[in-house]
Amino acid sequence: MSDAQPFVEIRHARKNYGYIEVLKDISLTVERGQIVAIIGPSGSGKSTLLRAINDLDPLTEGEVLLEGVQVNKTLPHRQYEKHINEMREHIGMVFQHFNLFPHLTVRENVTMAPKLLKGISKAEADALAEEQLAHVGLLDRIDYYPSRLSGGQKQRCAIARALAMKPKLMLFDEATSALDPELVEEVNLVMKKLAEEHMTMIIVTHEMDFAASVCDRVLFMDQGYVVEEGPPEVVFRNPKEARTREFLRKHLGDAT
Amino acid sequence: MGLDFSVVPGWMDTILLGVVWTIAITVSAAALSFVGGILLAVIALYAPWIVRQPFRLFAWLFMGTPLLLQLFLIYFGLIQIGIDLPAFVAGVVGLGLHFAVYNSELIQTAIIAVDTGQMEAARTLGLSRTQALRKVVVPQAVRDVIPPIGNNMIALLKDSALVSVIGVTELTLSAQLAIGRTYRPFEFYLVAAVCYYVINLGMEAVLRRIERRIALSR
Ligand SMILES: Nc1ncnc2c1ncn2[C@@H]1O[C@H](COP(=O)(O)OP(=O)(O)OP(=O)(O)O)[C@@H](O)[C@H]1O
Ligand SMILES: [Mg+2]
């Protein structure tokens with residue numbers, strides 16, 4: 001009875017920007033080791049939902065839980081800050097535009113947070129950087145500044161930076177959308193490797209092939225709702241909802 | 001009566017001591033204005049309203065009034081409320097705070113210009129807002145304004161001549177002392193001008209080195 005509670009649970013999530021409701025009562029659970037893809041048209045709320053999981057875009061209503069602990073707790077400011085920083089150590093995030101720290105080398109990008117938050121020594125930090133950068137195939141660029149990396153290398157560095165905190169959960173927001181087509185594969189390979197290592201991942205993507213080959217579950221979002229969800233072979237081959245079919249017709253068409 | 005530089009060598013010790021003091025006061029005030037500028041910028045952008053107000057008044061005071069008056073206030077004025085600063089310290093504080101306010105304006109603009117994704121990425125890793133500012137946002141902002149801050153520091157060097165009026169025997173006052181004895185104002189003011197120019201060249205060389213180092217990480 002170790003896993004009575006879901007690993008990640010979102011309960012009745014709502015999000016408003018002014019009068020506009022961007023997320024409309026979304027509930028979902030993700031089990032440990034699961035890999036979930038979120039697909040859907042632009043503006044459907046995919047990023048907002050993903051960013052609600054680590055409270056980067058706080059929900060208007062509803063709860064996010066990680067291993068039964070509420071992430072978006074309502075607490076006095078100081079206590080909330082302490083709580084959310086602790087929670088975020090367990091939730092890695094990768095952005096479309098990498099957001100590497102340009103004033104730090106690849107090594108420093110990877111080790112800055114662990115050094116600051118976990119108080120590891122310089123030797124430990126170096127070992128950590130080497131381990132994580134070897135993992136994403138970037139060891140030979142360890143002392144480069146981000147400005148001298150290709151887009152694919154930048155994103156692999158960003159993944160290594162997130163993994164260096166040893167997160168339990170990884171969030172990807174269109175990790176390959178800003179890349180030249182020929183650089184997409186090297187990032188996808190790193191994500192596949194993480195999948196093989198049973199990292200729990202929630203992946204917002206426009207790449208249907210990748211979602212189909214890597215993910216255990218696919219969520220289709222439209223206008224703030226999760227319209228349909230299920231295993232990729234069902235959602236992609238045999239979608240129940242008309243909106244899903246329409247979206248897939250356009251996107252699978254585009255892909256070829 | 002033409003120019004006669006033959007009296008200059010006899011006063012070279014005094015002049016060079018003046019150079020040393022000018023460099024000392026410039027470097028100290030520059031350091032204060034740099035650190036103070038960062039602190040003022042962070043306060044102006046992130047401190048609660050009630051904390052910001054006294055600092056706004058302070059900034060207004062230092063930007064809106066003559067530096068000379070500020071030096072008089074700090075050196076002669078503060079004594080009346082029991083704060084008796086040595087002339088050198090008063091000079092460093094006056095110059096340093098004056099330029100801190102100007103540096104702060106530059107740094108504020110640069111902090112705002114740092115991509116919001118930088119703060120987000122840092123917060124996502126678990127850094128607090130203060131940690132993210134210190135490690136990620138402020139270093140990038142400062143890096144972006146090193147050239148204009150450098151210009152401020154050169155202005156600071158030139159304005160350091162003002163501290164002669166509160167009795168710091170820096171370069172200008174040293175020249176005046178020599179002139180008082182020799183009645184050779186043109187010669188000694190020229191010597192002082194050359195000295196300022198050489199210090200200025202030195203500062204520019206240091207700034208260029210810093211800028212080159214920064215350029216490597218771009
Ligand atoms: N800061 C904001 N203020 C106001 N509205 C916002 C804000 N951020 C997002 N929105 C709106 O919320 C809706 C959902 O945005 P979101 O970024 O989550 O969409 P998305 O599915 O990720 O789209 P894309 O595929 O283009 O990234 C959009 O209509 C967007 O305009
Ligand atoms: Mg998005």
Side-chain angles (χ1 to χ4, degrees), chain A residues 47 50-51 53-57 77-78 80-106 108-118 143-148 154 157-158 160-167 169-171 173 178, chain B residues 34-35 37-38 41-43 45-52 106-107 109-150 207 209-218:
Chain A
S47 298
L50 195 73
R51 291 159 58 91
I53 293 172
N54 61 6
D55 216 25
L56 210 52
D57 282 347
H77 181 71
R78 261 165 212 280
Y80 166 80
E81 283 291 311
K82 188 170 178 299
H83 161 77
I84 198 65
N85 294 338
E86 273 168 25
M87 295 304 293
R88 283 176 179 158
E89 289 187 25
H90 304 300
I91 308 174
M93 186 168 216
V94 174
F95 302 86
Q96 181 176 356
H97 296 288
F98 328 125
N99 298 352
L100 288 179
F101 306 131
H103 60 304
L104 302 178
T105 62
V106 166
E108 291 161 344
N109 265 276
V110 172
T111 57
M112 190 260 278
K115 269 163 116 173
L116 203 60
L117 301 173
K118 298 186 172 172
D143 288 316
Y144 280 43
Y145 281 97
S147 59
R148 295 182 58 208
K154 280 182 189 161
C157 176
R161 176 177 72 178
L163 292 176
M165 287 303 290
K166 313 275 178 184
L169 167 68
M170 284 287 288
L171 310 174
D173 193 356
Chain B
F34 186 70
V35 177
I38 293 171
V42 170
I43 287 168
L45 291 175
Y46 300 101
W49 184 88
I50 193 74
V51 178
R52 284 202 312 266
L106 292 170
I107 294 167
T109 313
I111 286 178
I112 293 168
V114 171
D115 185 62
T116 53
Q118 293 291 311
M119 177 59 97
E120 282 185 356
R123 296 305 309 269
T124 299
L125 289 165
L127 271 69
S128 70
R129 194 168 73 162
T130 313
Q131 286 170 325
L133 281 174
R134 194 159 48 94
K135 290 287 187 179
V136 175
V137 177
V138 169
Q140 286 180 57
V142 167
R143 195 184 72 156
D144 291 342
V145 286
I146 288 295
I149 284 184
L207 282 170
R209 277 187 66 152
I210 296 173
E211 283 169 30
R212 249 205 316 278
R213 179 158 310 169
I214 290 167
L216 287 180
S217 65
R218 282 200 198 274

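Below, chain A is the first sequence line, B the second, and so on; all start at residue 1.
Contact check on B/R123 versus A/E81 returns a salt bridge, with a Lys/Arg side-chain nitrogen under 4.0 Å from an Asp/Glu carboxylate oxygen.
There is no contact between A/L171 and chain B, counting heavy-atom distances below 4.5 Å. Both the backbone and the side chain of A/E89 come within contact range of chain B, with heavy atoms under 4.5 Å apart. If you measure heavy-atom distances from A/M93 to chain B, the contacts under 4.5 Å come from both the backbone and the side chain. With a 4.5 Å cut-off on non-hydrogen atoms, A/F101 touches chain B through its backbone and its side chain both. In this structure, the portion of A/R51 lying under 4.5 Å from any heavy atom of chain B is its side chain and not its backbone. Of the two parts of A/H97, neither the backbone nor the side chain holds a non-hydrogen atom closer than 4.5 Å to a non-hydrogen atom of chain B.
Between A/M112 and B/V136, some side-chain heavy-atom pair lies under the 4.5 Å cut-off. Under the 4.5 Å side-chain criterion, counting only non-hydrogen atoms from C-beta, B/T130 is not in contact with B/Y46. Looking only at side-chain heavy atoms (C-beta outward), A/D173 and A/V94 stay at 4.5 Å or farther from each other. Side-chain contact check for B/D115 versus B/Q140: every heavy-atom pair is 4.5 Å or farther apart.
Annotation: the span from A/M87 atom CE to A/N54 atom CG amounts to 10.0 Å, rounded to 0.5 Å.
Here A/L100 is the residue among A/L104, A/L100, A/D55 with the most heavy-atom pairs under 4.5 Å with chain B. Top candidate by heavy-atom pairs under 4.5 Å with chain B, chosen from A/E86, A/H90, A/M165, A/R161, is A/R161. Taking A/I84, A/L56, A/T105 one by one and counting their heavy-atom pairs under 4.5 Å with chain B, the maximum is reached by A/L56.
Cation-pi geometry between A/R148 and A/Y145 is not satisfied (NZ or CZ under 6.0 Å from the ring centre, within 45° of the ring normal).
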